[in-house]
Amino acid sequence: YSTSGYVKVFISPEGASLVENNDRRVDSLFYAQDPKVWIEHFGEPGGFIKFLESDIEVPVADWISPVELEMHNRILKTGGYTGPFNWYKAAVFCGPAKEDQELAVEEKKIKVPTLFIATLKDYAVIPDMHIRNLQGLAENLRVEKLDVGHWAMLEARERVEELLEEVGNTQI
C-alpha cells in the first residue's frame with residue numbers, strides 16, 4: 001500500500017488552509033481509533049484530498065481526550081498548519097543543506113545514545129527502512145518496536161516516557 005499520498009496536500013499552497021478549514025474531521029483521521037484508515041485516506045495518492053472534500057469522519061481513538069484535541073486545535077488555530085507543513089516543503093523541495101552534503105561520513109555519525117521507536121501500526125511510515133538508515137548513522141542505536149500507531153507518545157505514553165528516561169540516563 002502507499003504511505004505518503006498526504007504529502008502532496010501538505011506541500012501544496014492551499015494545504016494548510018484545507019486542513020485548518022476541516023480541522024475536526026482531520027482530527028478524526030489523524031487520531032483515528034483504527035489506524036488502518038490511514039491506508040485509504042492518508043497513504044493512497046489522492047486519498048487525503050478526497051477525504052477533505054467528503055463528509056467522512058472516523059471514530060477518534062480513546063487514547064486522546066477531547067481536552068487534548070481542543071488544545072491541539074487551539075494551538076494550531078493560533079499559528080496554523082503552515083509552520084508544521086513547512087517541514088514537508090523543506091524535505092521535498094530543498095533536501096539536505098549543501099554544508100551537510102559536504103561532510104565526511106564520519107562527521108555525520110550520531111555519537112550520542114539514540115532511540116528509534118518503530119510504530120508497528122503506523123501506516124504512514126515503513127519502520128524497517130528507517131531502522132536500516134539509522135543503523136549506518138547512529139553508533140549507539142536502540143530500536144524499540146511498539147504495537148501502536150503513528151502517535152506513540154500519546155497512545156503508549158508511559159512506555160515512551162520510560163524509554164526516553166532509559167536512553168537519557170545512558171552514559172556515553
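Remember, it's a predicted structure, so these values are computed and weren't measured experimentally.
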### Query
Looking only at atom types and distance, does a side-chain atom of Glu155 sit under 3.5 Å from a main-chain N or O of Trp63, one as donor and one as acceptor?
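Answer holds: no.
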### Task
Using modelled atom types only, decide if a donor and an acceptor are shared between the side chain of Thr119 and the backbone of Ile117 within a distance under 3.5 Å.
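No; zero donor-acceptor contacts below 3.5 Å.
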### Task
For Arg24, check side chain to side chain donor-acceptor pair (under 3.5 Å) against everything at least two apart and list the hits.
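Side chain to side chain donor-acceptor pair (under 3.5 Å) list for Arg24, sorted by chain: Glu70.
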Once you round to the nearest 0.5 Å, how far does [atom1] of [X] lie from [atom2] of [Y]?
X	Y	atom1	atom2	result
Leu164	Leu115	CG	CG	6.0 Å
Ile131	Phe116	CD1	CZ	5.5 Å
Glu161	Glu158	CD	CD	7.0 Å
Thr114	Gln135	OG1	CD	12.0 Å
Phe10	Ser4	CZ	OG	10.5 Å
Glu106	Lys111	CD	NZ	5.0 Å

### Query
Going by an N to O cut-off under 4.0 Å, is there a salt bridge joining Glu144 and Arg159?
yes
### Query
Under 4.5 Å between any side-chain heavy atoms of Glu14 and Ser17, yes or no?
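SC-SC contact between Glu14 and Ser17 confirmed.
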### Message
Is there a side-chain contact between Asp23 and Leu76 in this structure, where contact means two heavy atoms from C-beta onward sitting under 4.5 Å apart?
### Response
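Answer no - side chains too far apart.
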### Query
Tyr1: what forms a ring-ring contact (aromatic ring centres under 6.0 Å, His included) with it, not counting sequence neighbours?
Tyr123
### Message
Would you call the rings of Phe85 and Tyr81 parallel, tilted or perpendicular, taking 30° and 60° as the class edges?
### Response
tilted
Acceptor/donor pairs from residues 25-50 side chains to any protein atom, 3.5 angstrom cut, sequence neighbours excluded:
residue	atom	partner	partner atom	Å
Arg25	NH1	Phe51	O	2.9
Arg25	NH1	Ser54	O	3.3
Arg25	NH1	Ile56	O	3.0
Arg25	NH2	Asn22	OD1	3.1
Arg25	NH2	Phe51	O	3.4
Arg25	NH2	Leu52	O	2.7
Arg25	NH2	Ser54	O	3.0
Asp27	OD2	Asn73	ND2	2.5
Ser28	OG	Arg25	O	2.7
Ser28	OG	Val58	N	3.1
Tyr31	OH	His72	ND1	3.3
Gln33	OE1	Asp62	N	3.0
Asp34	OD1	Lys36	N	3.0
Trp38	NE1	Leu29	O	2.6

